[in-house]
Amino acid sequence: MEQERKDPAREKMWLDSERRVARVWVKQWKVNQALYREFGGRIIFQQAGWEPIDAYRSLLDHYKANKGFVVHDPTLQEAVYRYFRHNFVYADEKKAKFYFEKPYWERTQEEMRTAGF
């Protein structure tokens, strides 16, 4: 990798790739933050970080009530909602508020550690 990054064209490719990943990561955190602020609830840890699972469920229920989200096939509806019934390990409310109060990349390692992350 070190040798590859000495080539200016490849270095540009690496930097562009890193920026794209960062953009997606930050955007997803902001979406999750907005959902948590709107709906609250429990959060769970997933591969890409903490996810406001109850907020996602509330959003789906909101759209469903307004006919903006309809699953006609009962088997598929069961598959959609099965995710929300999985036995996850949830963060407590204090931890959830801390996580979505400010981006974790703007916090120190000590702040995160003290908060239990």
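Basis for what follows: all heavy atoms, side chains included, without hydrogens, waters or symmetry-related copies.
Under a cut-off of 6.0 angstrom, the local environment of CD in Q28 is crowded, with over 12 non-hydrogen atoms contributed by other residues, nucleotides or ligands. No more than 12 heavy atoms of other residues, nucleotides or ligands sit less than 6.0 Å from atom NZ of K30. Heavy atoms of other residues, nucleotides or ligands lying less than 6.0 angstrom from CD of Q109 number 12 at most.
Judged by the 6.0 Å and 45° rule, R42 forms no cation-pi pair with F88.
Using a 4.5 Å heavy-atom cutoff, the side chains of Y81 and V71 are not in contact.
To the nearest 0.5 Å, atom CD1 of residue I43 and atom NZ of residue K97 are 12.0 Å apart. M13 contributes atom CE, which lies 5.5 Å from atom CZ of R10 (distance to the nearest 0.5 angstrom). Distance CZ/R57 to CZ/R85: 7.5 Å, rounded to 0.5 Å. To the nearest 0.5 angstrom, T114 atom OG1 is 8.0 Å from F98 atom CZ.
In plain terms, the two heavy atoms of E51 and Y83 that are nearest each other are OE2-OH, 2.5 Å. Contact between K67 and V70 at its shortest, heavy atoms only, is O-CG2, 3.9 Å. Taking each heavy atom of Y36 and G41 in turn, the nearest pair found is CE1-O, 3.3 Å. Here the closest heavy-atom approach between residue R107 and residue M112 is recorded as CD-SD, 3.6 Å.
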- Item | Full working for side chain to side chain contact (heavy atoms under 4.5 Å, CB included) between Y56 and V31 | CA-CA 10 Å; Y56 275 103; V31 166; 4.2 Å; yes

- For K95 and F117, what are the C-alpha separation, side-chain angles and deciding distance, and is it a side chain to side chain contact (heavy atoms under 4.5 Å, CB included)? CA-CA 8 Å; K95 196 171 182 178; F117 290 97; 3.1 Å; yes

- E18 vs V21, side chain to side chain contact (heavy atoms under 4.5 Å, CB included): CA-CA, chis, key distance, verdict: CA-CA 5 Å; E18 289 169 354; V21 169; 5.9 Å; no

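Under the side chain to side chain contact (heavy atoms under 4.5 Å, CB included) rule, L35 has a single partner from I53, D54, L59, which is L59.
Listed for the E111 side chain is a donor-acceptor partner under 3.5 Å among the backbone atoms of T108. Formation of a donor-acceptor pair under 3.5 Å by the Q33 side chain with backbone atoms of F100 is found in this model. Using a distance-only test at 3.5 Å, with no hydrogens or angles considered, a donor-acceptor pair links the side chain of D92 to the main chain of K94.
A parallel orientation is assigned to the rings of Y104 and Y99, their planes being inclined by less than 30° (bins at 30° and 60°).
Using a 4.0 Å cut-off between a side-chain N of Lys or Arg and a carboxylate O of Asp or Glu, D61 and K64 do not qualify as a salt bridge. Remark: D16 does not engage R20 in a salt bridge, criterion side-chain N to carboxylate O under 4.0 Å.
Ring centers of W25 and W105: at least 6.0 Å apart, outside the cut-off.
Hydrophobic clustering keeps W50 apart from V24 (ILVMFWY residues linked when any side-chain heavy atoms are closer than 4.5 Å, directly or through intermediates). I44 and V89 are assigned to two separate hydrophobic clusters, defined by single-linkage of ILVMFWY side chains at heavy-atom distances under 4.5 Å.
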